[in-house]
Amino acid sequence: MIIVKNVDVFDGLSPEIKENQHVVIEGNTICDVTSSEVTSANAHTIDGMGKTLMPGLIDAHYHACLVHVKGYNAHTLPPSLIYPAASRLLEDSLKRGFTSVRDAGGADFGLARATELGLVKGPRIFFSGRPLTHTGGHGEIRSKNQSEPCLCASHSAHLVCVVDGADEVRKAAREEFRKGAHQLKIMMNGGVSTDADPVWLCQFTDTEILAAVEEAKRRRSYVMAHLYMDEQIEKAVKLGIRSVEHGNFLTSETAEFMAKQGAFLVPTLVTYKALAENGQEFGFAEENFAKLAEVSEAGLQSLENAVRAGVQVAFGTDLLGEMHKYQCDEFAIRREIQSPFEILRSATSVAGELLGKGDKLGVLKEGAIADLILVSGKPLEDLSVFNNAGTNIENVIKNGELIA
């Protein structure tokens with residue numbers, strides 16, 4: 001049993017802070033939140049006086065395995081190097097207060113299981129397995145002089161699955177779910193980091209997209225889609241895509257449609273800043289930086305459109321390798337559009353709802369999973385308490401266990 005006494009509580013749902021509370025944890029569950037003092041001779045008691053207890057943060061667009069190791073690139077980096085590097089990124093995120101991440105491509109059952117077993121001291125992982133793209137689409141890493149039809153012999157085959165046609169999409173989707181994926185990811189526009197795909201590229205036909213959506217529904221799951229262009233976002237939501245990733249060119253009209261359909265938006269604004277400063281180290285060419293500039297300028301307006309329309313906006317970062325050190329900078333960027341409460345809610349209860357764990361994760365209430373952080377300061381008044389060194393995270397409780 002763990003008791004956190006005399007603490008201010010932010011529950012992830014309401015802007016109201018409950019002062020001088022006592023929170024009782026048994027096993028992996030929050031069993032009591034009360035203003036009455038609780039004592040137990042067998043409990044580990046933490047004095048939270050002057051601090052805030054809140055749900056652990058959730059990064060809903062994370063890449064544990066898109067690492068960078070000197071002397072290697074994505075084509076040559078072996079798994080035996082990827083996973084130790086990924087472990088370091090996950091451990092650092094946990095220190096910053098992130099107790100869950102939704103991995104948007106690369107992580108697998110083994111890495112997720114390693115965090116469950118404590119072999120990796122990191123957040124719980126909701127992984128997508130290999131994102132699906134089509135030939136020449138986002139995530140294709142073959143150079144222009146390579147003509148092989150697939151990536152099956154590549155060191156980076158775990159990072160993307162190239163499929164063409166509804167039948168190939170179905171088979172690939174079933175394979176990712178067979179391997180334990182929590183949700184499926186598809187690439188519906190081009191992107192910044194690969195070469196053959198301009199941002200405006202409209203990827204996959206309606207029948208291919210529907211195949212992915214149908215297979216996810218069979219698994220009682222959903223599809224998250226890499227998207228930038230407004231036209232593709234509208235089509236994606238019409239066809240049943242639940243989670244729009246990035247969404248930089250989202251208009252007010254399409255945002256209103258998203259809100260009516262109950263779709264989520266996961267902006268990833270900090271990655272554009274990080275890539276502008278560090279992209280050269282990752283081998284970015286002039287055309288990559290041109291695409292980066294194109295999407296960067298539109299990001300804040302898209303977020304504003306979504307907030308005004310009432311879209312459920314979750315917190316995500318989309319950082320690569322060493323750029324994870326900027327993870328908490330997303331708070332400051334979003335502050336230009338959202339209130340501290342809206343931002344913290346996006347990183348707690350909204351993200352928990354997106355994961356399909358709305359009553360269990362991202363909330364601090366009786367019956368929820370005890371993923372909690374004790375923060376020195378008042379987060380709803382000052383978001384700078386979240387910094388990339390994690391200096392204001394006094395304690396991390398994950399699954400009812402005191403981690404730090």
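We find that Lys171 and Glu175 are not joined by a salt bridge, their nearest charged nitrogen and carboxylate oxygen being 4.0 Å or further apart. For Glu215 and Arg170, the salt-bridge test passes: some basic side-chain N is under 4.0 Å from an acidic carboxylate O. Checked for salt-bridge contact, Arg113 and Asp108 miss the test: no charged N lies under 4.0 Å from a carboxylate O. Glu176 has a carboxylate O that lies under 4.0 Å from a charged side-chain N of Arg130, or vice versa, which qualifies the two as a salt bridge. By the 4.0 Å N-to-carboxylate-O rule, Glu214 lies too far from Lys217 to be salt-bridged with it. Lys273 and Asp329 are joined by a salt bridge, as a carboxylate oxygen and a charged side-chain nitrogen come within less than 4.0 angstrom of each other. Residues Arg334 and Glu330 are paired through a salt bridge, judged by an N-O separation under 4.0 Å between the basic side chain and the carboxylate. Between Glu353 and Lys360, none of the side-chain N atoms (NZ, or NE/NH1/NH2) sits under 4.0 Å from a carboxylate O, so this pair counts as no salt bridge.
Shown here is Arg174, whose CZ atom has more than 12 heavy atoms of other residues, nucleotides or ligands within 6.0 Å. For Lys357, the NZ atom is loosely surrounded, since the number of other residues' heavy atoms within 6.0 Å does not exceed 12. No more than 12 heavy-atom neighbours from other residues, nucleotides or ligands sit within 6.0 angstrom of CD on Glu231. Residue-environment remark: NZ (Lys179) exceeds the threshold of 12 foreign heavy atoms within 6.0 Å. Within a 6.0 Å sphere centred on CG of Asn20, heavy atoms belonging to other residues, nucleotides or ligands number more than 12.
Side-chain contact between Ile233 and Phe257 is absent, with no heavy-atom pair separated by less than 4.5 Å. Side-chain atoms of Phe126 and Leu361, non-hydrogen and from C-beta on, do get closer than 4.5 Å to each other. Residues Ile186 and Phe204 are in side-chain contact: their nearest non-hydrogen atoms beyond the backbone lie under 4.5 Å apart. Counting heavy atoms from C-beta outward, Leu319 and His324 have side chains that approach closer than 4.5 Å. Taking the side chain as every heavy atom from C-beta outward, Leu383 and Ile343 approach each other to under 4.5 Å. Using a 4.5 Å heavy-atom cutoff, the side chains of Ile393 and Lys95 are not in contact. Within the 4.5 Å cutoff, no side-chain heavy atoms of Thr317 are placed close to those of Thr268. Inter-residue side-chain proximity for Thr99 and Leu57 is flagged as unmet; no heavy-atom pair is nearer than 4.5 Å.
Of all non-hydrogen atoms in Ile125 and Asp103, the two that sit nearest each other are CG2-CB, 4.0 Å. The two residues Leu13 and Arg345 make their nearest non-hydrogen contact at O-CD, 4.4 Å. Nearest approach of Met224 to Ser128, heavy atoms of both residues: SD-OG, 3.4 Å. In plain terms, the two heavy atoms of Ala86 and Val67 that are nearest each other are N-CG1, 3.8 Å. The two residues Ala211 and Val169 have their closest heavy-atom pair at CB-CG1, 4.1 Å. Nearest heavy atom pair, residue Phe264 against residue Met258, reads O-CE, 3.5 Å.
Checking Thr34 against Gln21 by side-chain atom types alone, no donor-acceptor pair falls below 3.5 Å. No donor-acceptor contact under 3.5 angstrom links the side chains of Ser302 and Glu304, judged on distance only. Of the N and O atoms on the side chains of Asp382 and Ser384, at least one donor lies less than 3.5 Å from an acceptor on the other residue. Looking only at atom types and distance, the side chain of Thr271 has no donor-acceptor partner in the side chain of Tyr326 under 3.5 Å away. For the residue pair Asp318 / Tyr272, no side-chain donor-acceptor distance below 3.5 Å is found, with atom types taken as modelled. In the model, Thr133 has a side-chain atom that pairs as donor or acceptor with a side-chain atom of Gln203 under 3.5 Å. Neither side chain, Arg102 nor Gln183, offers a donor N or O lying under 3.5 Å from an acceptor on the other.
Ring centers of Phe315 and Phe331: under 6.0 Å apart, within the cut-off.
A donor-acceptor distance shorter than 3.5 angstrom exists from the side chain of Glu342 to the backbone of Ser339, with no hydrogens or angles considered. The backbone N or O of Asp8 lies less than 3.5 Å from no partner atom in the side chain of Glu19, so there is not a single donor-acceptor pair. In this structure, Asp230 contributes its side chain and Glu234 its backbone to no donor-acceptor pair below 3.5 Å. Between the side chain of Asn278 and the main chain of Ala274, a donor-acceptor pair closer than 3.5 Å is present.
With Asn395 as the fixed residue, the side-chain contact (heavy atoms from CB on, under 4.5 Å) test singles out one of Ile373, Leu374, Val4: Leu374.
Using the six-membered ring where Trp is involved, His226 and His246 have ring planes that are perpendicular, over 60° apart on the 30 and 60° scheme. Between Tyr228 and Phe249, the angle of the ring planes goes over 60°, which puts this pair in the perpendicular group of the 30/60° scheme.
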- Task: Check the pair Lys5, Ile46 against side chain to side chain contact (heavy atoms under 4.5 Å, CB included), reporting the backbone distance first and the verdict last.
- Result: CA-CA 6 Å; Lys5 65 177 185 179; Ile46 300 170; over 6 Å; no

